[in-house]
Structures are given as C-alpha cells and as structure tokens.
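What follows is a single structure, written as structure tokens, with notes after it.
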Number of protein chains: 2
Amino acid sequence: MTEYPPFAVTVDLVVLTVREDELCILLVRRGVPPYHGRWALPGGFVGIDEDLADAAARELTEETGVPEPIGHLEQLGTYGTPGRDPRGRVVTVAYLALLPDLPPPVAGTDAAAADWLPVSRIADAELAFDHDVILAAGLERARAKLEYTPLATAFCPAEFTIARLRTVYETVWNRQLDPRNFHRKVTGTPGFVEPAGRVTEGDRGRPAQLYRRGSADLLHPPMLRPSVTRG
Amino acid sequence: MTEYPPFAVTVDLVVLTVREDELCILLVRRGVPPYHGRWALPGGFVGIDEDLADAAARELTEETGVPEPIGHLEQLGTYGTPGRDPRGRVVTVAYLALLPDLPPPVAGTDAAAADWLPVSRIADAELAFDHDVILAAGLERARAKLEYTPLATAFCPAEFTIARLRTVYETVWNRQLDPRNFHRKVTGTPGFVEPAGRVTEGDRGRPAQLYRRGSADLLHPPMLRPSVTRG
DNA sequence: AACCGTTATCGTCAACAGGACGAAAAGTTC
DNA sequence: GAACTTTTCGTCCTGTTGACGATAACGGTT
C-alpha cells in the first residue's frame, strides 16, 4: 500500500434534536489546535481496523452517552477537498443523527465543552473546518427526509402523541401545520404510526392517544411541505 | 500526519444510461489483480492533491471520453469496511453518473475491456469487491431521484421529446406509464421542461414538440411511482 | 357544580390532482 | 387514399388536501 497516497480518514457527526420548539445541533468547542476554541461537529479519526459506521456510532455514544439503537444514524456525505484540514490530507465521512430530546452532553477528551445549540443562532464562519457546509447538508437532508420517510419519529421518544410529531415537523420545516389535517394525514398513511393503546395524562386539555413508530420506511403518500411555489 | 492511520482513497463510478429501452451500466473488466478478469465499476485512486469530485470527473472522462458538463454527476456514498479490498485499507467514495446514450466506451489502462451492460443481466457475485452493493445503492438512488427531481432529463440529449422522457421513466422504473397522463403531468409541472420551439422530423407518427430541461431542480408536485401499495 | 380555557379528534365542503380512456391532429407507410 | 403510428387535447370520476366548523375530554377557577 505504500505505492498509494496516504490519507487520514475521520468521521464527523451532524447530531440534530428538537428541544423546546427549536431545532438544535450538538457541537463541541475545540480544546486543541487547529481551530482551537471554535465550535465544531463532534468527530474523530477512524481506526485502521474500524468500520466507518462503527466509528460514527462510537463517536455518537462518546459524546451523548446514549446507546446506539436510539434514534437514527445514516451516512450524509464525504468531504475531502485538499486543504480543508491544515494538518494534512484528511477525508471526512459525515454522518447524520436524529435523536429525541436528551439530557445535556458531557465534554469529551479533545473538547473543552459540548452542548446543544439552536441551529438558527449559528452565525456564518463560526464553525471549524468546512463544518458549516456539512451542517447545511445535514439540515437539508433532514428536512427532505421528513417528507417521504417516517424519520420524524426518530426525534420522538418511543411513545409520542400526534401533536408531538407535529411540533417536530413544524420545528424542522419552520412552518405552521393545521393540527386537524396533520392528524388525519398521519393516521391515514399506512405504516407511519400505530396506536400504543395508552393516552397521556396530566397535561392541559384533552388527553391524547399515544403512538409508536410504524413499520413503513417510506411514506405513501409523502408529507409534502406546504407553501412551495406552485403554478 | 504520521500519527494517524494511513488509508488509501479511491473513487468508483456507477454510470447509468438508457439505451434501447434498457437501463445500462458502464463496467470494466479488470485486467490486473485483485479480481482479475471480473467486471467492476470504473474507478481509481485519488491523487494526494486531487479533490474527490475532480477525481470522479476525471475517471468519468477517461472511461467515456465525454466532457464533464454532459449529464449529471453526484456523490453516492462512501464504503470503507475493513477487508473490502485485499490490498489493504481502502475507502472508496462512490459517485453516481447519469448520461444520455453514448457511443461504446474505450478500454482504459488497467481495464481489459469496458462496455455498457444491461443492469437486468448482472448476476449476483459477478462484480469485484463490494461493487454489487454500490450498484444497488446507485440504482435505488436513481429510481428515487426521478420521483422528485428533473434528473430524468440527464438521460436525454439536450433536446428531447416527452415520449423520450417517458421511456426513461418506464425503463428506470420498469413500469408502463400512460402517454397522455404523463404528457399532462410533465408539461404541467413548473420548471420541469420548457419547449425548444422545434419539432422532430422523419419519425413515424405525428411530429413531436422538442423540449429542453427547465430551471427547477425539485419537482412540485413529484412524479410518484405508480402501483405502490396503498390503503 | 358551573364555567372557561385548552387540546384532541371528527366531520364537512370545495378545490385540485391523478388514473382511465375517448378523440382529434399530423405525420409515415403501403 | 387507406391504414397505421404517435402526439396532444379533453372528459369523467375518484381520492387527496387545505380551510375550517363542531364536538369531546381534560384541568383550573369561581
């Protein structure tokens, strides 16, 4: 293998959650150069005998403390422009994680701090490396996938109400949805959700039916974003 | 950089086209070990100072002889499971290319032969490395993207008829579509196609209006695949 | 208990989109 | 010219969707 150019390979994570009606991302403040003191996506180098997905899951567990099977983790894209990392030729494989609301994260070894930040308040050029580009790709992927997959359920706990699911859509899409039409559409899409048989208690208003994620992994028909420019 | 594990990075291409009512993929027969004599996706190692997308475009031009701006090229996914390449730890970034029908390719340096093969006739375990998995991902990506993007036009020459676009959909989806409803839907979706002002000549039947690709890169409403199981 | 605010859920109606299919238009082939 | 092929427009009918009224079922207040 000495005949081929040597690269370093990392994984970086776009970890999204919905908390308090805001779409938040897990960021770490870098404790070492380069970009010392800047916010960055959590991530790290891939071991020479480690699978890419395993490395992503390992980093996710390290940063959040949650076991893997919660939420959703998928590959987002790979970024390897020469010069994107001043330490040398580093290719990073970005992963997108969608998680339910969790307790605050713990700082890792290389990170001075780790916290959930609302994506709406992340200014340009605030992030290390090309992480702003990766974040933008993750956001667009998440918004698109809510349309034609049941992945909004990954932002919810195991049992959730239709209203909770609706706030997920409203938060990620930044659009208000009609509660009655949303309820009809979600319960009418086969395999999206299935009733858990229990209801909420203690909240204001009428108790709501609880649901679990259904068996479909593609929505037919899809949940189309409103207010798209049509003819 | 010597402190980090050294990887080799390659690009591999899933190059699809529609020819003679069949979805075809560009494959090369390997002329060197490993997998000597087996069909494989075209690809190669990324230069230490080369961008990933540039490497993909370079390989595409080398194998097909077409300049880049024709068709469509996008990143598909990254595959890096340890052991997928017997030469060592190789991470490959797969790209998906959609091209109009082209003349037969020329064999490259490392390839004994290169040719278009109908995807329907590729048997299991016929491909080198994990290229069968990458091919499956490329096919599914292409099928899905025809639904909500105008990428079917990438399979067509610069000017094309609605009927030509319909055969693209029918071939990629392997489903028959009603010519009248398809015509209404395509011409009614804003930004999908725009008339070129000219008509075909010399064919059988009534001459058809020629169209170019429109300005939209997302279809509203999308072209939904028929015969999906609904309630 | 009576009332009110809040939230969940069901129903109604009109507009629109989409599949099935008839029919006319405009060429080529024999 | 007759037959055939292909494009393009129109019609009918059904199902989906957005706007919104109405009712159900709770907690809190007087």
Side-chain angles (χ1 to χ4, degrees), chain A residues 21 146-148 156 159-170 173 175-211 216 218-231, chain B residues 21 146-148 156 159-170 173 175-211 216 218-231:
Chain A
D21 292 358
L146 288 210
E147 287 200 325
Y148 54 95
C156 301
E159 296 192 349
F160 51 88
T161 65
I162 301 289
R164 171 65 185 160
L165 195 64
R166 178 165 46 83
T167 60
V168 167
Y169 273 94
E170 290 177 334
W173 284 351
R175 278 183 185 85
Q176 292 295 113
L177 300 174
D178 184 277
R180 297 156 293 189
N181 292 336
F182 183 85
H183 188 279
R184 177 182 57 187
K185 177 120 199 216
V186 168
T187 55
T189 299
F192 194 173
V193 296
E194 53 186 25
R198 309 195 302 117
V199 295
T200 57
E201 33 186 75
D203 272 352
R204 283 184 307 186
R206 173 175 170 177
Q209 193 66 229
L210 283 168
Y211 292 85
L218 237 49
L219 298 183
H220 284 285
M223 309 282 297
L224 293 180
R225 272 181 272 194
S227 93
V228 283
T229 36
R230 303 209 189 185
Chain B
D21 292 358
L146 289 210
E147 287 200 326
Y148 55 95
C156 300
E159 296 191 349
F160 51 88
T161 65
I162 300 290
R164 171 66 184 158
L165 194 64
R166 179 165 47 84
T167 59
V168 167
Y169 274 94
E170 289 177 335
W173 284 352
R175 278 184 185 85
Q176 291 296 111
L177 300 175
D178 184 277
R180 297 155 292 188
N181 293 335
F182 184 84
H183 188 280
R184 177 182 57 185
K185 178 120 199 215
V186 168
T187 55
T189 299
F192 194 172
V193 296
E194 54 186 25
R198 309 194 304 117
V199 295
T200 56
E201 31 186 77
D203 271 353
R204 283 184 307 184
R206 173 176 171 177
Q209 192 66 230
L210 284 169
Y211 292 84
L218 237 49
L219 298 183
H220 284 285
M223 309 281 297
L224 293 179
R225 272 181 272 195
S227 94
V228 283
T229 36
R230 302 208 188 187

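Numbered from 1 within each chain, the chains take letters A, B, ... in sequence-line order.
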Checklist line | Distance in angstrom units between Arg164(A) CZ and dA8(C) P, rounded | finding: 12 Å
Notebook entry, point to check: Toward the 5' end of DNA chain D, which comes first, Asp178(A) or Arg204(A), by nearest nucleotide?
Noted result: Asp178(A)
Notebook entry, point to check: What is the distance, rounded to the nearest whole Å, between atom CG of Leu165(B) and atom P of dT8(D)?
Noted result: 12 Å
Margin query: Considering only residues two or more places apart or on different chains, which pairs with a residue in residues 183-196 of chain A satisfy salt bridge (charged side-chain N to carboxylate O under 4.0 Å, His left out)?
Written below: none
Using residues 200-207 of chain A as the side-chain source, report each donor-acceptor pair under 3.5 Å to any protein atom, sequence neighbours left out, with the distance given to one decimal.
{"from": "Thr200(A)", "atom 1": "OG1", "to": "Ala208(A)", "atom 2": "N", "distance (Å)": "2.9"}

Check: To the nearest Å, how far apart are Glu201(B) CD and dT6(D) C1'?
Finding: 16 Å
Check: Which residues pass the side-chain contact (heavy atoms from CB on, under 4.5 Å) test with Glu170(A), sequence neighbours left out?
Finding: Arg166(A), Thr167(A), Gln176(A), Leu177(A)
Item checked: Set of residues satisfying side-chain contact (heavy atoms from CB on, under 4.5 Å) with respect to Ala196(A), sequence neighbours excluded -> Glu159(A), Leu210(A), Arg212(A)
Notebook entry, point to check: Over how many whole Å does the gap from Asp203(B) atom CG to dT7(D) atom P extend?
Noted result: 8 Å
Next item on the list: In whole angstrom, give the distance that lies between atom OH of Tyr169(B) and atom P of dG19(C).
Entry: 13 Å
Check: Does OP1 or OP2 of dA17(C) have a side-chain N or O of Lys185(B) closer than 4.0 Å?
Finding: no
Check: Nearest-Å distance, CZ (Arg198(B)) to C1' (dA26(C))?
Finding: 18 Å
Next item on the list: Could you check how far NE2 of His220(B) sits from P of dC16(C), rounded to whole Å?
Entry: 19 Å
Check: For the pair made of CZ in Phe160(B) and C1' in dT7(D), what is the distance, rounded to whole Å?
Finding: 16 Å
Would you tabulate the nitrogen or oxygen pairs shorter than 3.5 Å linking the protein to nucleotides 9-14 of chain C?
{"from": "dT9(C)", "atom 1": "OP1", "to": "Gln209(A)", "atom 2": "N", "distance (Å)": "2.8"}
{"from": "dT9(C)", "atom 1": "OP2", "to": "His183(A)", "atom 2": "NE2", "distance (Å)": "3.2"}
{"from": "dT12(C)", "atom 1": "O4", "to": "Arg184(A)", "atom 2": "NH1", "distance (Å)": "3.4"}

Checklist line | Partner set under ring pair (Phe, Tyr, Trp, His ring centres under 6.0 Å) for Tyr169(B), not counting sequence neighbours | finding: Trp173(B), Phe182(B)
Check: What's the spacing between Thr187(B) OG1 and Gln209(B) CD if we round to 0.5 Å?
Finding: 11.0 Å
